[in-house]
S.K.: 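First the structure, then my questions, so here it is.
Just so you know, ligand 1 is whichever comes first in the structure, and atom 1 is the first atom listed for that ligand. These numbers come from the heavy atoms of this one structure, side chains and all, not from hydrogens, waters or symmetry mates. Keep in mind that this is a model prediction, so the values were computed, not measured.
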Amino acid sequence: MRASFIAGFLALAASQATAQFTNQSAPFTLVLHSQNATINGSTLVPCHEGAAIEGLCYGSAVAGAPATQYNFNYSSASTPDPKIGVVGILTYELRGGNFNVSSPMELSYNPVSNVAVPLFTPGENSQEVAFDAANKLAIPGYLDDRQIASGSPYNPALYYRWYACTTNAGYTYQTLAWVMGDQRPENPTCQKVDVVRVFV
Ligand SMILES: *[C@@H]1O[C@H](CO)[C@@H](O)[C@H](O)[C@H]1NC(C)=O
Ligand SMILES: *[C@@H]1O[C@H](CO)[C@@H](O)[C@H](O)[C@H]1NC(C)=O
Ligand SMILES: *[C@@H]1O[C@H](CO)[C@@H](O)[C@H](O)[C@H]1NC(C)=O
Ligand SMILES: *[C@@H]1O[C@H](CO)[C@@H](O)[C@H](O)[C@H]1NC(C)=O
Ligand SMILES: *[C@@H]1O[C@H](CO)[C@@H](O)[C@H](O)[C@H]1NC(C)=O
């Protein structure tokens, strides 16, 4: 068990330190699936959270905005873990007056909350993601600390802890959010959703 634990961590560390996600998928939109008919089917649209920083909004802040396209950048070099599949990053092309820049999605954490906000920010920092066979967006997890006492917490799996919440990562909007851990989000506005890619 210990060998696979270490091998898993080395693979993870290597992927995070050196991953070059230079293969790019075809463009797709991101659609919310929810038990709440009001938000079910909403497309996620970038919304201004700071200089060149965009959240993933739904609802009134982006009403009428065209459905934005995103890409999945992945690496053909990494050998996929069968429980996780191909990993990569979610990207969005930010268009300025005289520049275009491909921005990766990362999570913005608030240490006093269990609700994080995904943001597209130009630069090197990114959150590794995967899409499953049903095109649902997931975050791969490798260490399950609920299993820490078992001595074998290394347990690669896909997690789907996406919620639609009113958040403030710069401005107050209705955005996609990620809940850390398997508890309920402490933000009372959060509603469970899945995020599905629809190729254009
Ligand atoms: C994603 O891949 C495309 C094509 O290789 C590349 O132009 C772009 O810079 C990449 N984006 C990021 C954030 O790495
Ligand atoms: C990724 O890109 C490389 C270089 O262009 C190409 O040889 C390879 O077939 C691509 N892999 C996939 C899975 O598309
Ligand atoms: C459904 O979503 C809307 C918009 O976020 C919200 O106002 C409403 O309270 C939700 N309904 C339920 C039953 O949660
Ligand atoms: C959500 O939308 C899908 C696709 O349009 C539909 O099949 C499903 O019944 C909807 N669910 C709810 C709760 O509105
Ligand atoms: C940015 O991309 C768009 C769409 O591909 C293109 O029309 C535009 O010329 C690009 N702008 C720059 C500065 O490269």
S.K.: For the hydrophobic clusters of this structure (ILVMFWY residues joined by side-chain heavy atoms under 4.5 Å, transitively), does one cluster hold both F131 and F199?
M.R.: yes

S.K.: Are the side chains of Y163 and W178 in touch, meaning some heavy atoms are under 4.5 Å apart?
M.R.: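 Counting from C-beta outward, Y163 and W178 never come under 4.5 Å.
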
S.K.: Protein heavy atoms near atom 11 (N) of ligand 5, is at least one of them under 4.0 angstrom away?
M.R.: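 Yes, there is one.
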
S.K.: Could you tell me, atom by atom, which parts of ligand 5 come under 4.0 Å of a heavy atom of N98?
M.R.: 13 (C)

S.K.: Out of V129, L32, L90, L56, which residue meets the side-chain contact (heavy atoms from CB on, under 4.5 Å) rule with V195?
M.R.: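 The single option meeting the side-chain contact (heavy atoms from CB on, under 4.5 Å) with V195 is L32.
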
S.K.: Check whether the ring centres of F21 and Y74 lie less than 6.0 Å apart, and answer yes or no.
M.R.: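 No, ring centres 6.0 Å or more apart.
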
S.K.: What residue and atom, counting heavy atoms only, is the protein's closest point to atom 13 (C) of ligand 3, and at what distance?
M.R.: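 Ranked first by proximity to atom 13 (C) of ligand 3 is N36 ND2, 4.4 Å.
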
S.K.: Could you check atom 6 (C) of ligand 1 against the protein and tell me its nearest heavy-atom contact, residue, atom and distance included?
M.R.: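 Looking at atom 6 (C) of ligand 1, the protein heavy atom closest to it is N73 ND2, 4.2 Å.
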
S.K.: Would you please say whether a donor-acceptor pair under 3.5 Å links the side chains of S34 and N36?
M.R.: no

S.K.: Which of the atoms of ligand 5 are close to F99, meaning less than 4.0 Å from one of its heavy atoms?
M.R.: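 Here the atoms of ligand 5 in question are 13 (C).
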
S.K.: Any nitrogen or oxygen of N100, main chain or side chain, under 3.5 Å from a nitrogen or oxygen of ligand 5?
M.R.: yes

S.K.: Using protein heavy atoms only, decide if any is under 4.0 Å from atom 2 (O) of ligand 1.
M.R.: yes

S.K.: Relative to the heavy atoms of Q174, which atoms of ligand 3 are at a distance of less than 4.0 Å?
M.R.: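 Within the 4.0 Å cut-off of Q174, ligand 3 contributes 5 (O).
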
S.K.: For residues T43 and L30, determine if any side-chain heavy atom of one lies less than 4.5 Å from a side-chain heavy atom of the other.
M.R.: no

S.K.: Kindly confirm or rule out an N or O of Q191 lying under 3.5 angstrom from an N or O of ligand 3.
M.R.: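 There is such a contact, yes.
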
S.K.: Among all protein heavy atoms, pick the one closest to atom 9 (O) of ligand 1 and tell me residue, atom and distance.
M.R.: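 Atom 9 (O) of ligand 1 sits closest to the protein heavy atom S102 CB, 3.7 Å.
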
S.K.: Can you report which non-hydrogen protein atom sits closest to atom 5 (O) of ligand 1, along with the distance?
M.R.: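 Looking only at protein heavy atoms, the one closest to atom 5 (O) of ligand 1 is T22 O, 2.8 Å.
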
S.K.: Given side chains that start at C-beta, do those of L158 and I84 come closer than 4.5 Å, heavy atoms only?
M.R.: yes

S.K.: Please check if the distance between the ring centroids of F120 and Y70 is under 6.0 Å.
M.R.: yes

